[in-house]
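Before any comments, here is the structure.
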Amino acid sequence: MSIYKKLREIPEGYLGLLSIVFMLIPVLYPMGLPLQISGPTKGFYNTLQNLPEGSIVCIDASGGFASYDEFEASITATLKVMLSLPIKWMAWGYGTDGPVMIDLILKGINPASFGKEYGKDYLVLPYIAGVEMAVAAVAEDTQAVATTDFYGNDLSQYDLWNEISGAEDFALVLSISGSCLNMDQEVRQWYTIHGLNILEINMACCSPMSMNYYPDVMPGGLWGAKGGTELEVLSGYPGPGARLSDSQNLGLMPFLLFLILGNVGYFGSKYLEKEEDQ
Amino acid sequence: MTFNDMMAAWTFALFSLAILSYLWKLNYVYKIAETFSVGSLLAHTFVNTWTGSIEGICLKPLMSGQVVRIVPLIFGLMIFTRLSRQYAWISRYPTALLAGVGTGVMFGATFDAQILTQLAMTAQAFIDKDIFSALVILVGVFTTLTYFIYTQEHTGAIGISARLGRIFAMFSFGMNYAAELIWYLTLVVGILIRLVDLWIKGAILGL
């Protein structure tokens, strides 16, 4: 058997095993690999920084725990940045996990340490069924969509809730997307009808589809653990992203190696077949 | 580490390993973990839907005198008539309403958002002097579209354009595949980090 044929027949299980070994190295020994901050992350950060004092950001949280590792670093860093600014925000859940995820991450952040008060500076609202219809309803008539917050408390007691009646009261939308088609619905309901710009936090696999809207409709976005890590570095709030990104980057190395070996094997075999034919 | 944390770490580890055992072959341990996952997901969805949507939007306002909130509740209950052969036709009304409103809400802005906005952004790129990117997008759009012309033989100019379009499509699929791979890797890394931190270091070694 030629070397080229052997290269083509390496069992794919070896690739998985090698990749796990490579991924484990930064998990056990954090490395701090260098990182380049991308344009969408800079746009994301600058958009939040440039919001006028007192602006209210509407967070549409539809992402779920199935991809929590993709979201954790991005949401943690984003909430820290937002809590450190003189702006307010309210998070809606268009997926059942959305508010649960925001609540879990908030518990680890402690908003009081940023001088922020629940109900006055931020709100966590419950899951609202209906997907795009729910988004449209919040944009049209916010007060009609919920009566209690995520914790079951009456919303009318909160100052922030009473400031909002519809899309015109929001300065920006932050979409924590649970699918690659989420951005389309956000654009339809918030940008096209109400003219609001949208920032996005989404899984890495959705970045090619969301990039269609960058930078005019969507001035910035964070995709996957890498996006979150970039915001951690840019904002100066370290979080869980660095180790995750290092591990991910190292885990990709065997894939690159096998990609090269596979191609050498494929083209080498073809070359040999041609030689034999002649 | 508290008792609850310890239980959470062990539950996480055992279920993660059980699910990962599928890589070896389909087995009962995997099936049990899968059934537990689906069951708990259903319970979680039900509780959140009940508290957020049914209780929060319908029941509480209804109790406080907003009688109109009974309408969505009635429509919701009508869906359950599907369980009876005799009255299943009633469920068509809420289904039709859902489909109708959903389609109306979506299509109202689709043309503007998905076509006009993106055309405007492509044109804007020329105005913003980002000529190279704008040209690449323009050529990519037209040549890829020609690849999907099936009513003309791909020869001559159309053939060249279709071949170029195929390359653009390959780039696009390749990028999507790469992004998908990154997503899967993150999920694996997340499991590895928790197994090491919570289970091995926390629950077993007590560090």
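Here is how names work: the chains are called A, B, and so on, in the same order as the sequence lines, proteins then strands, and each is numbered from 1. Treat the numbers as computed from the prediction; the structure is a model and nothing was measured. Atoms considered below: every heavy atom in the structure, side chains included; atoms not considered: hydrogens, waters and symmetry mates.
A distance of 8.0 Å separates OG1 of A:T147 from CD of B:Q66, quoted to the nearest 0.5 Å. Distance check: A:L250 CG to B:L185 CG gives 11.0 Å after rounding to the nearest 0.5 Å. Distance OG1/B:T110 to CG/A:D184: 8.5 Å, rounded to 0.5 Å. Atom CD1 of A:I128 and atom CD1 of B:I57 lie 4.0 Å apart (nearest 0.5 Å). A distance of 4.0 Å separates CG in B:D197 from CZ in A:R243, rounded to the nearest 0.5 Å. The structure places CG of A:D97 at 7.0 Å from CG of B:L41, a figure rounded to the nearest 0.5 Å.
At most 12 heavy atoms of other shown residues, nucleotides or ligands fall within 6.0 angstrom of atom OH in A:Y29. Within 6.0 Å of the CD atom in A:Q157, the count of heavy atoms belonging to other residues, nucleotides or ligands exceeds 12. The neighbour count for B:Y147 OH, taken as heavy atoms of other residues, nucleotides or ligands under 6.0 Å away, does not exceed 12. The local environment of OH in A:Y151 is crowded, with over 12 non-hydrogen atoms from other residues, nucleotides or ligands closer than 6.0 Å.
Between B:E55 and A:T148 the shortest side-chain heavy-atom distance does not fall below 4.5 Å. Side chains of A:R188 and B:M106 form a contact here, defined as non-hydrogen atoms less than 4.5 Å apart. Two residues are said to be in side-chain contact when any heavy atoms from C-beta on lie closer than 4.5 Å; B:D112 and A:Y191 fail this criterion. Between A:E140 and B:V105, every side-chain heavy-atom pair lies at or beyond the 4.5 Å cut-off. Using a 4.5 Å cut-off on side-chain heavy atoms (C-beta onward), B:W183 and A:Q248 make no contact. You'll find the side chain of B:N48 reaches within 4.5 Å of the side chain of A:V100, heavy atoms only. Counting only heavy atoms from C-beta outward, the side chains of A:T192 and B:L116 never approach each other to under 4.5 Å.
A:Y213 and B:Q114 make their closest contact through OH-NE2, 2.6 Å (heavy atoms, listed as atom of the first residue, atom of the second, distance). Of all the heavy atoms in A:A66 and B:L187, the pair that sits closest is O-CD2, 3.5 Å. Of all heavy-atom pairs between B:G190 and A:L244, the closest is N-CD1, 4.0 Å.
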Using side-chain contact (heavy atoms from CB on, under 4.5 Å), reason through B:M121 and A:N212 one step at a time and then give a plain yes or no.
CA-CA 9 Å; B:M121 283 169 69; A:N212 292 340; over 6 Å; no
Between A:V187 and B:Q118, is a side-chain contact (heavy atoms from CB on, under 4.5 Å) present by the stated rule, with each step listed?
CA-CA 11 Å; A:V187 172; B:Q118 297 203 8; over 6 Å; no
Determine whether B:T186 and A:M203 satisfy the following criterion, side-chain contact (heavy atoms from CB on, under 4.5 Å), listing intermediate values before the conclusion.
CA-CA 10 Å; B:T186 311; A:M203 299 165 281; over 6 Å; no
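Contact count against chain A (heavy-atom pairs under 4.5 Å) is highest for B:A109 among B:A109, B:S64, B:A120, B:P61. Ranked by non-hydrogen atom pairs under 4.5 Å with chain B, the options A:S207, A:C180, A:S67, A:C206 are led by A:S67. Your options are A:G64, A:S247, A:P126, and the one with the most heavy-atom pairs under 4.5 Å with chain B is A:S247. Between chain B and the residues A:V217, A:I193, A:V145, A:L28, the largest count of heavy-atom pairs under 4.5 Å involves A:V145.
Using a 4.5 Å cut-off between heavy atoms, B:T117 touches chain A through its side chain atoms alone. Contact of A:A129 with chain B is made through backbone and side chain together, with heavy-atom distances under 4.5 Å. Proximity to chain A involves both the backbone and the side chain of B:V189, based on heavy atoms less than 4.5 angstrom apart. Proximity to chain B is limited to the side chain of A:E72, based on heavy atoms less than 4.5 angstrom apart.
The stretch residues 164-182 of chain B places B:M175, B:N176, B:A179, B:E180, B:L181, B:I182 near chain A, each with some heavy atom under 4.5 Å from a heavy atom of that chain.
Between B:K60 and A:D154 there is no salt bridge, since no side-chain nitrogen of the basic residue lies less than 4.0 Å from a carboxylate oxygen of the acidic one.
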